[in-house]
Amino acid sequence: MSKGLPKRSEDYSLWYNELVKRADLAENSAVRGCMVIKPYGYSIWEKMQAQLDTMFKETGHTNAYFPLFIPKSFLSKEASHVEGFAKECAVVTHYRLKNAADGSGVIVDPEAKLEEELIVRPTSETVIWSTYKNWIQSYRDLPVLVNQWANVVRWEMRTRLFLRTTEFLWQEGHTAHATAGEAMAETEQMMQVYARFAEEYMALPVVRGKKTENERFAGAEETLCIEALMQDGKALQAGTSHFLGQNFAKAFEVKFATKEGGLDYVWGTSWGVSTRLMGALIMAHSDDNGLVLPPKLAPFQVVIVPIYRGEEELAMISVKAKELMLELKKAGISVKFDDRDTQKPGWKFAEYELKGVPVRIALGPRDLENNTVELARRDTLEKFSFELSEMPIAEKIKQLLEEIQNHIYQKALAFRKEKTTEVNSWEEFTRVLEEKTGFISAHWDGTSETEEKIKDLTKATIRCIPLDQKPEQGVCVFSGKPSAGRVLFAKAY
RNA sequence: CGGGGUGUAGCGUAGCCCGGUAUCGCGCCACAUUUGGGAUGUGGAGGUCGUAGGUUCGAAUCCUGCCACCCCGACCA
C-alpha cells in the first residue's frame, strides 16, 4: 500500500475510490458491479441501520420480509413501474445445473426451464402489494405499516462502490392507508425521518424537496426526497419517500370496506434509503488524509494509541489505558485500545486518520509522569495535551465528540450555502454550473420539456422543488415563460 | 451497445515497438537496532506474465480468438 491518498482537488473520483478501498470500507468483488462490504464499512452501515430502525419503530412501523424473487407477470401489472425497471432486471430462467456431457464443467440444464421466469427484485412494491391484497379487507385492517431490510438488484451499466452497485442493501417501507391524506402524511413523515437522520446522525445537511414528474419514482404520484451536496459540487439523492396514490392498489386489486359501507382502493406509500448513504457520508466530510466520520456513526469513537519503549513501559501504559477505556465505556463511548506491537505509533496515527476515527488518545511515559493524555481530533487534525485532573476524561471526550459532530455538520452546511447560487439568466446558469458547480436556484416554467432540454444541454437536472420554496414571481431561466418559484438544479450522482 | 484503454507476485508497476526465461517500490517472513507522526539495516519467500491457440530453435514481447476490468457516451437510488 502506498502512502498518500490522491488529492480531492486533482482527481475527485479517484480520491473517492481509493479512500473506500484503503479505509477498508468495501472492495470490488468477483461479480461485476457487485461489492464486498468489508467489516469496517459494514460496521458503519450497521450503525445507520440501527438508528433508522429505531426511528421506523418509533413511528409505528414493524419489520417483515418478502421474497427476493418476483414472478415476471407481477412486474407488468403497473404500467409505469414496469417501464421504469424493465431495463435493469436480472431474470431467473432455470432452476438446475448439470454436468456437461464433455466434462467441461456444469451447464444450465435445459430441461429445467421455469414455466414463469422470476425477476430478482429491483424493489418490492409488486410482491408486497400482491400480499397486501390478502391482508386487507376492511378499514379495520388499515393502516399497514411495514418495513423490510433487504438487498435488491438493478442491472446498472456503470457502477461505483456504494454510489451505484448492481446489488445493494437498503430498507423499503411499504404502507397502506384508508385515505389519501393519511398516505400523504406518511410520505411526508418518512421524508422528515430521513432528513433528521441525515442531519443529526450523518451530520449531512439536506434539502427537503419534491421531485418533478421526470425524476419521480416509476409508479408514484408524488416523490419527496432529501438531496445533499457533495464536496465536488455534485448533488446526491440520499433518500426518497413516495406517495403511490392508488396505483398499486388498483394494479393488485387491493380494496377495503370503508366505514361507510363502500368499497375503495387502498392508498399506498413506499420509502427507502440504501447503502448509497455510505457514499454520501464519505463524500460529505472526508479530506485528503482520509475518512472523517461523525461520532454518532463511527464504529469506534475513540482510539487509544500507546507510546512506549520495551515491554515494561507498555505494561505500565496498558494499565492506565485500560483504566481510561473503562471510564469511557461506562459513559457510553466506544473505544478501541490498539496495543499491537506490530505497528509503530506513527503508523497507527496515519491509519486511524485514514479510517476517520473521531478522537485519538495518545498515551506515553511523559503522560504518565504528568498525568496527561494527548488528544487529537480527526475533523480539525488539532492535537493538544489534556490534564486528567482538569475534569473526568469521559466528560471531556463526550464534549469533544459532540463538538466534532456539530462542527462537521456546520462545515458541510456552510459549504452547501456557499455552493448554492441564485441565478437569473441562462448565461449565468451555464457559467455557474461549469465554474462554481453546486446547487443552482433558478426559475423554471414547470414543464418537462424545458427540464429535458436543460438536461440535454448541460447535464444538470432539477434535483427538487424545495419544500420551503418561497412564492416569487419570475421568468424561467431557460424559456423565459412565467414561473412562480425557484427550483434547485445541479449535476447529480 | 458504440468509442478508447489496460491485464506481469497480495497491491502498484518496468519490460512489449526491436523475441533469448521478468524490473522496481510497497506489503509479507526472519533477525538486530528502533517506538511522542507512516523506522532502519541485513537476509529471505513469493510469478501458469488474463486465457486458448498459432508463428518460432526460443514468446511477457509477434499474430488470431475469447474473457475480465477501467475510462468516455446513451440509462439509473
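Heavy atoms only: backbone and side chains are in, while hydrogens, waters and symmetry mates are out. In what follows, chains are A, B, ... by sequence order, proteins preceding strands, each numbered from 1.
- A salt bridge links Glu199(A) to Arg208(A): at least one charged side-chain nitrogen sits closer than 4.0 Å to a carboxylate oxygen.
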Under 3.5 Å, N/O pairs linking protein and nucleotides 28-33 of chain B:
none

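- Summarising the geometry, the separation between NZ on Lys320(A) and C1' on rG36(B) is reported as 18 Å, rounded to the nearest angstrom.
- Rounded to an integer number of Å, the gap from Glu452(A) CD to rA74(B) C1' is 13 Å.
- In this structure, Trp271(A) and His61(A) have perpendicular ring planes: the angle between them is above 60°, well past the 30° mark.
- Between Ile317(A) atom CD1 and rU35(B) atom C1' there is a gap of 10 Å when expressed in whole angstrom units.
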Result block: side-chain N/O donor-acceptor pairs under 3.5 angstrom for residues 312-321 of chain A, not counting sequence neighbours:
{"unit_1": "Glu313(A)", "atom_1": "OE1", "unit_2": "Arg309(A)", "atom_2": "N", "d": "2.7"}
{"unit_1": "Ser318(A)", "atom_1": "OG", "unit_2": "Leu314(A)", "atom_2": "O", "d": "2.8"}
{"unit_1": "Lys320(A)", "atom_1": "NZ", "unit_2": "Glu323(A)", "atom_2": "OE2", "d": "3.4"}

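- Around the NZ atom of Lys355(A), the shell of radius 6.0 Å holds more than 12 heavy atoms that belong to other residues, nucleotides or ligands.
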Protein and nucleotides 2-5 of chain B: nitrogen or oxygen contacts under 3.5 angstrom:
none

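- Of the residues in residues 359-375 of chain A, those lying under 4.0 Å from RNA chain B by heavy-atom distance are Arg360(A), Ala362(A), Gly364(A), Pro365(A), Arg366(A), Asp367(A), Glu374(A).
- By the salt bridge (charged side-chain N to carboxylate O under 4.0 Å, His left out) test, Lys491(A) is found to be paired with Glu434(A), residues two or more places apart in sequence or in another chain being considered.
- A salt bridge between Asp287(A) and Arg378(A) is present, with a side-chain N of the basic residue lying under 4.0 Å from a carboxylate O of the acidic one.
- Rounded to whole Å, the distance from CH2 on Trp347(A) to P on rC26(B) is 16 Å.
- For the side chain to side chain donor-acceptor pair (under 3.5 Å) condition, the pairs that include at least one residue of residues 159-169 of chain A, sequence neighbours left out, are Asn151(A)-Glu167(A).
- Comparing rG73(B), rU35(B), rG38(B) by their nearest atom to the side chain of Lys459(A) picks out rG73(B).
- The aromatic ring centroids of Tyr132(A) and Phe248(A) lie 6.0 Å or more from each other.
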All N/O donor-acceptor pairs, side-chain side in residues 80-89 of chain A, below 3.5 Å, sequence neighbours left out:
{"unit_1": "Ser80(A)", "atom_1": "OG", "unit_2": "Glu78(A)", "atom_2": "OE1", "d": "3.1"}
{"unit_1": "Ser80(A)", "atom_1": "OG", "unit_2": "Gly219(A)", "atom_2": "N", "d": "3.3"}
{"unit_1": "His81(A)", "atom_1": "ND1", "unit_2": "Ala218(A)", "atom_2": "O", "d": "3.0"}

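- Spacing between atom CG of Asp339(A) and atom P of rU35(B) amounts to 19 Å, rounded to whole angstrom units.
- Listed by first and then second residue, the salt bridge (charged side-chain N to carboxylate O under 4.0 Å, His left out) pairs involving residues 458-467 of chain A are Glu215(A)-Arg463(A), Glu227(A)-Arg463(A) (not counting sequence neighbours).
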Please enumerate all protein N or O atoms sitting under 3.5 Å from an N or O of nucleotides 75-77 of chain B, with distances to 0.1 Å.
{"unit_1": "rC76(B)", "atom_1": "O2'", "unit_2": "Glu156(A)", "atom_2": "OE2", "d": "3.0"}
{"unit_1": "rC76(B)", "atom_1": "O2", "unit_2": "Arg164(A)", "atom_2": "NE", "d": "2.0"}
{"unit_1": "rC76(B)", "atom_1": "O2", "unit_2": "Arg164(A)", "atom_2": "NH1", "d": "3.4"}
{"unit_1": "rC76(B)", "atom_1": "O2", "unit_2": "Arg164(A)", "atom_2": "NH2", "d": "2.3"}
{"unit_1": "rC76(B)", "atom_1": "N3", "unit_2": "Arg164(A)", "atom_2": "NH1", "d": "3.4"}
{"unit_1": "rC76(B)", "atom_1": "N3", "unit_2": "Arg164(A)", "atom_2": "NH2", "d": "2.8"}
{"unit_1": "rA77(B)", "atom_1": "O3'", "unit_2": "Gln237(A)", "atom_2": "NE2", "d": "2.2"}
{"unit_1": "rA77(B)", "atom_1": "O3'", "unit_2": "Arg276(A)", "atom_2": "NH1", "d": "3.4"}
{"unit_1": "rA77(B)", "atom_1": "O2'", "unit_2": "Arg276(A)", "atom_2": "NE", "d": "3.0"}
{"unit_1": "rA77(B)", "atom_1": "O2'", "unit_2": "Arg276(A)", "atom_2": "NH1", "d": "2.1"}
{"unit_1": "rA77(B)", "atom_1": "O2'", "unit_2": "Arg276(A)", "atom_2": "NH2", "d": "3.2"}
{"unit_1": "rA77(B)", "atom_1": "N6", "unit_2": "Thr165(A)", "atom_2": "O", "d": "2.6"}

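- Partners of Arg366(A) under the salt bridge (charged side-chain N to carboxylate O under 4.0 Å, His left out) rule, at least two apart in sequence or in another chain, do not exist in this structure.
- We find that CD of Glu27(A) is positioned 15 Å from P of rC69(B), with the value rounded to whole Å.
- Both key distances under 3.5 Å define a Watson-Crick or G-U pair, and stretches of 3 or more such consecutive pairs in RNA chain B run B:1-7 with B:67-73, B:10-12 with B:24-26, B:28-33 with B:39-44, B:50-54 with B:62-66.
- Between Lys296(A) and Glu200(A), no side-chain nitrogen of the basic residue sits less than 4.0 Å from a carboxylate oxygen of the acidic one, so the salt-bridge criterion is not met.
- Both tests do not hold together for Arg276(A) against Phe168(A): distance to the six-membered ring centre under 6.0 Å, angle to the ring axis within 45°.
- Lys383(A) comes within 4.0 angstrom of a nucleotide base, judged by non-hydrogen atoms across all strands.
- For RNA chain B, the residues of residues 294-311 of chain A within the heavy-atom distance limit of 4.0 Å (strictly under) are Ile307(A), Tyr308(A), Arg309(A), Gly310(A), sorted by number.
- Taking atom CG of Asp24(A) as the reference point, atom P of rC11(B) lies 15 Å away to the nearest angstrom.
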